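The structure appears below as structure tokens.
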Protein chains: 2
Amino acid sequence: MPADVSLATVAAQAGVSVSTVSRIVNGETRRASPATVQRVRDAIEAVGYRPNPAGRALRRGETQLVAVLAANLDNPAMATIASSTEAALREAGYVMILCDTHDRPELQDEYLAAMRVQRVGGLVMIAAVASPGLAEMAGAGVPMVFVTRRNPVGPGLFVGIDDRAAGAAVADRFVAAGCRRPAVVFPRRGSSASRDRVAGFVDRLAALGVASEAVLRGEGDGLSHLQVGYDGSAALFERADRPDAVLCVSDQIAYGLARRAREAGIGIPDPCCVVSIDGTPLNQWVAPWLASVRIPYPVYGAEIVAGLEAIRRGEAPAERLLPFAFG
Amino acid sequence: MPADVSLATVAAQAGVSVSTVSRIVNGETRRASPATVQRVRDAIEAVGYRPNPAGRALRRGETQLVAVLAANLDNPAMATIASSTEAALREAGYVMILCDTHDRPELQDEYLAAMRVQRVGGLVMIAAVASPGLAEMAGAGVPMVFVTRRNPVGPGLFVGIDDRAAGAAVADRFVAAGCRRPAVVFPRRGSSASRDRVAGFVDRLAALGVASEAVLRGEGDGLSHLQVGYDGSAALFERADRPDAVLCVSDQIAYGLARRAREAGIGIPDPCCVVSIDGTPLNQWVAPWLASVRIPYPVYGAEIVAGLEAIRRGEAPAERLLPFAFG
DNA sequence: GACGTTTAGGCAAACGTTTGCCAAAACTGT
DNA sequence: ACAGTTTTGGCAAACGTTTGCCTAAACGTC
């Protein structure tokens with residue numbers, strides 16, 4: 001119904017100038033008498049005024065748009081993060097632009113350039129990959145937060161878990177359960193997150209008396225963690241001394257491993273128990289045999305938006321590590 | 001680097017007026033001599049000009065933004081559609097805004113209003129729910145396409161599959177396989193898509209000699225199809241005359257049913273085979289026992305964008321039904 | 001050479017918002 | 001009553017783009 005209602009419409013209705021309306025809309029109420037403020041508020045209500053983002057963006061040089069660049073939206077964990085981020089952004093009055101970079105640096109750069117031109121008010125990088133444009137972007141003054149993977153080309157606010165600690169927690173559990181032959185499956189060209197989980201796992205095992213060489217490692221290639229798990233676990237199950245406990249650094253890797261185990265006729269969790277790091281709710285339905293370190297993805301969104309606003313307020317970008325737990 | 005390069009920058013560089021640059025940028029080359037066109041193109045290249053979306057939006061009254069409103073992004077099928085839509089939109093020069101309505105009419109309306117104010121160039125409704133704002137929006141002249149669920153409050157371009165035919169295809173298969181006691185599990189408060197799949201299934205069975213009353217029906221409540229499948233199949237498996245073939249109208253419902261079957265100690269596919277409609281790639285990994293009618297979600301994006309542009313060109317909104325197949 | 005037509009390109013207004021600056025009017029204290 | 005201050009609010013410019021209209025110059029025709 002309110003086809004084209006602008007500040008001018010409200011101003012005419014209330015019998016004041018556009019300046020006054022603008023100021024009141026933006027909360028600058030000290031510049032008008034209480035009576036005028038009320039009159040303008042009523043007029044806004046009456047004509048159904050909503051600020052035009054284009055006019056605002058043009059004048060302010062910044063929009064209420066926040067871009068989320070995710071490496072792979074087919075990965076349910078990232079989709080969940082995107083989803084919770086969307087809710088938190090809306091809550092805070094932003095609008096989410098979502099881009100899928102497919103883990104490709106050129107595409108990420110293309111998006112970064114496009115988002116810069118769009119004058120987005122913030123940038124959320126879910127599993128960013130190193131690229132020339134990324135470094136350049138950091139200098140452009142747009143608030144940026146890195147999720148799951150740290151900024152590969154510099155500093156920056158990070159939202160995620162303590163990946164080393166998560167890996168270590170799994171090591172603790174394996175040792176407590178009396179496992180003799182632990183293994184870990186992870187992507188060969190992995191992110192900082194994957195590497196840290198593996199390192200935390202191996203280091204803790206070493207501290208508990210399991211030599212690093214004794215820990216079997218299965219590496220897989222490709223963007224799909226399902227495939228990584230399938231390929232990476234192949235060699236593991238062909239050995240004579242098969243592992244009796246495997247850490248998969250993501251749920252999807254565990255799914256891939258499960259398929260391999262099925263084909264190899266190996267039972268889970270007996271004789272080989274599997275633990276993954278992610279713990280998305282789907283596990284309970286399709287993989288009841290899978291134990292997990294649960295990452296609280298649903299609260300990532302709020303944390304990300306809080307981080308964005310902290311940067312905007314000029315606070316130093318601190319790390320935001322979230323709690324994880326077995327679940 | 002190009003902090004604030006506008007038409008004026010290019011104009012100065014090329015020694016022409018902004019009007020001329022603007023026209024050339026927009027392909028109106030007949031209004032300038034070939035020499036000038038080249039000079040301007042060089043200048044654009046030299047200063048790295050990119051049109052400012054805010055200025056453009058203000059003037060044109062429309063942005064290059066397209067909003068995708070999805071009912072539930074936690075549903076992998078919708079996430080996949082969103083993902084493929086994103087790629088197709090980018091290809092066509094649009095930028096995707098993604099909103100999760102959580103299947104709630106008020107939230108959908110809130111988003112619709114916000115997107116109208118944003119002056120989006122198009123609206124993609126994935127599983128739209130009936131709401132007051134939806135009807136209103138159709139009259140606003142914004143190109144709209146409905147995906148998976150038809151517009152519940154009026155006409156509109158639809159992208160999806162022939163749901164009745166998909167249901168019927170499953171009926172054919174069950175009868176061909178000699179199943180005696182078919183069943184179907186679906187959401188109680190379902191969409192047009194769910195209802196059509198069920199209707200196609202039941203009608204075809206009737207045509208093939210299985211009376212409608214003989215078809216067991218399991219209905220479940222809630223937003224999560226996982227829960228729908230779990231709840232909806234409970235009664236089915238408690239009966240003395242258990243079904244020997246079940247159609248689940250979505251993959252997630254099948255996952256839910258599988259959990260129930262597991263708990264009830266009933267094997268799949270023997271003695272009870274299960275077919276779902278969706279056929280997302282994850283099935284092969286986590287549910288190898290599940291046969292599916294595969295819906296080509298990855299091509300939805302291109303079809304959606306094509307539909308949007310057809311509307312923009314003023315073509316009559318025709319239905320866009322995509323092929324499905326057992327996979 | 002006079003006249004009409006095409007070509008090439010500039011001027012300026014408009015889109016809606018924000019904000020620095022200015023000007024009345026209303027107060028204050030003496 | 002008067003000077004000084006605060007309150008209240010308007011004017012106008014600016015952000016970058018598009019487009020209707022205008023004007024020269026170049027071209028063509030007789």
Side-chain angles (χ1 to χ4, degrees), chain A residues 2-41 43-44 47-65 93 114 116-121 141, chain B residues 2-41 43-44 47-65 93 114 116-121 141:
Chain A
D4 45 354
V5 23
S6 68
L7 282 182
T9 321
V10 179
Q13 171 88 3
V16 297
S17 75
V18 284
S19 325
T20 302
V21 182
S22 171
R23 283 193 264 255
I24 291 172
V25 166
N26 292 36
E28 191 117 344
T29 50
R30 299 182 302 176
R31 295 287 306 269
S33 72
T36 307
V37 171
Q38 194 49 54
R39 201 145 37 88
V40 169
R41 292 229 166 101
I44 288 174
V47 303
Y49 170 76
R50 302 265 257 133
N52 178 324
R56 200 168 250 195
L58 186 56
R59 176 64 222 229
R60 292 194 182 160
E62 185 180 295
T63 63
Q64 48 188 332
L65 268 29
R116 171 120 71 125
V117 165
Q118 287 281 347
R119 299 284 200 295
V120 295
Chain B
D4 45 352
V5 24
S6 71
L7 282 182
T9 321
V10 179
Q13 171 88 5
V16 297
S17 74
V18 284
S19 325
T20 302
V21 181
S22 171
R23 284 194 264 256
I24 290 172
V25 166
N26 292 24
E28 186 119 357
T29 50
R30 296 181 303 176
R31 296 286 306 268
S33 73
T36 306
V37 171
Q38 194 50 51
R39 203 146 35 88
V40 169
R41 293 227 166 103
I44 288 175
V47 303
Y49 171 75
R50 303 264 257 135
N52 178 325
R56 197 168 254 192
L58 185 55
R59 177 61 222 232
R60 301 222 262 230
E62 184 181 295
T63 64
Q64 48 188 330
L65 268 30
R116 170 120 72 126
V117 163
Q118 286 281 347
R119 299 280 198 302
V120 294

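Quick caveat, the model's predicted, so the values are computed rather than measured.
Nearest to the side-chain atoms of B:Asn26 among the listed nucleotides D:dG10, D:dT18, C:dT18 stands D:dT18. Considering only the side chain of B:Ser17, C:dG10 comes nearest among C:dG10, D:dA14, D:dT17.
Between the B:Arg39 side chain and the B:Ala14 main chain, a donor and an acceptor come within less than 3.5 Å of each other. A:Asn26 contributes no side-chain N or O that, together with a main-chain N or O of A:Glu28, makes up a donor-acceptor pair within less than 3.5 Å.
Straight-line distance from the CG atom of B:Leu7 to the P atom of D:dT18: 6 Å, rounded to whole Å. For A:Gln64 and C:dT17, the CD to P distance is 12 Å, given to the nearest whole Å. Rounded to whole Å, the distance from CD on B:Gln38 to P on C:dA8 is 15 Å. Spacing between atom CG of A:Asn52 and atom C1' of C:dT18 amounts to 13 Å, rounded to whole angstrom units. As rounded to whole Å, 14 Å separates atom P of D:dT19 from atom CZ of B:Arg30. The interatomic distance linking B:Glu62 (CD) with C:dG16 (P) rounds to 15 Å, in whole Å. Regarding A:Arg23, its CZ atom lies at a distance of 10 Å from the C1' atom of C:dC21, rounded to whole Å. Atom CZ in B:Arg56 sits roughly 22 Å away from atom P in C:dA14 (whole-Å rounding).
For C:dT18, the OP1/OP2 oxygens have a side-chain nitrogen or oxygen of A:Arg60 closer than 4.0 Å. At least one side-chain nitrogen or oxygen of B:Ser33 sits closer than 4.0 Å to the OP1 or OP2 atom of C:dG9. Between B:Arg59 and D:dT19, a side-chain N or O to OP1/OP2 separation shorter than 4.0 Å is absent. OP1 or OP2 of D:dG9 has at least one side-chain nitrogen or oxygen of A:Thr36 nearer than 4.0 Å.
Closest non-hydrogen pair, A:Thr29 versus A:Arg41, comes out as CG2-NH2, 3.6 Å. B:Ala54 and A:Leu58 make their closest contact through CB-N, 3.7 Å (heavy atoms, listed as atom of the first residue, atom of the second, distance).
Interface remark: the B:Arg31 side chain does form a donor-acceptor pair with the C:dG9 base, using a distance-only criterion of under 3.5 Å. Below the 3.5 angstrom threshold, one finds a donor paired with an acceptor across the side chain of B:Ser19 and the base of C:dC11. For D:dG16, its base never sits under 3.5 Å from the side chain of A:Arg119 at any donor and acceptor pair.
Side-chain contact, A:Ser33 with A:Thr36: a donor N or O sits under 3.5 Å from an acceptor N or O.
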Taking it one step at a time, do A:Tyr49 and A:Leu7 satisfy side-chain contact (heavy atoms from CB on, under 4.5 Å)? CA-CA 8 Å; A:Tyr49 170 76; A:Leu7 282 182; 3.4 Å; yes
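Using a 4.0 Å heavy-atom distance criterion, A:Ala32 is classed as a sugar-phosphate-only contact. The residue B:Val16 sits close only to the backbone: its heavy atoms come under 4.0 Å of sugar-phosphate atoms, none of a base.
Both B:Val37 and B:Leu58 lie close to DNA chain C; mapped to their nearest nucleotides by heavy-atom distance, the more 5′-ward contact belongs to B:Val37. Place A:Pro34 and B:Thr20 on DNA chain D by their nearest nucleotides, and A:Pro34 ends up nearer the 5' end.
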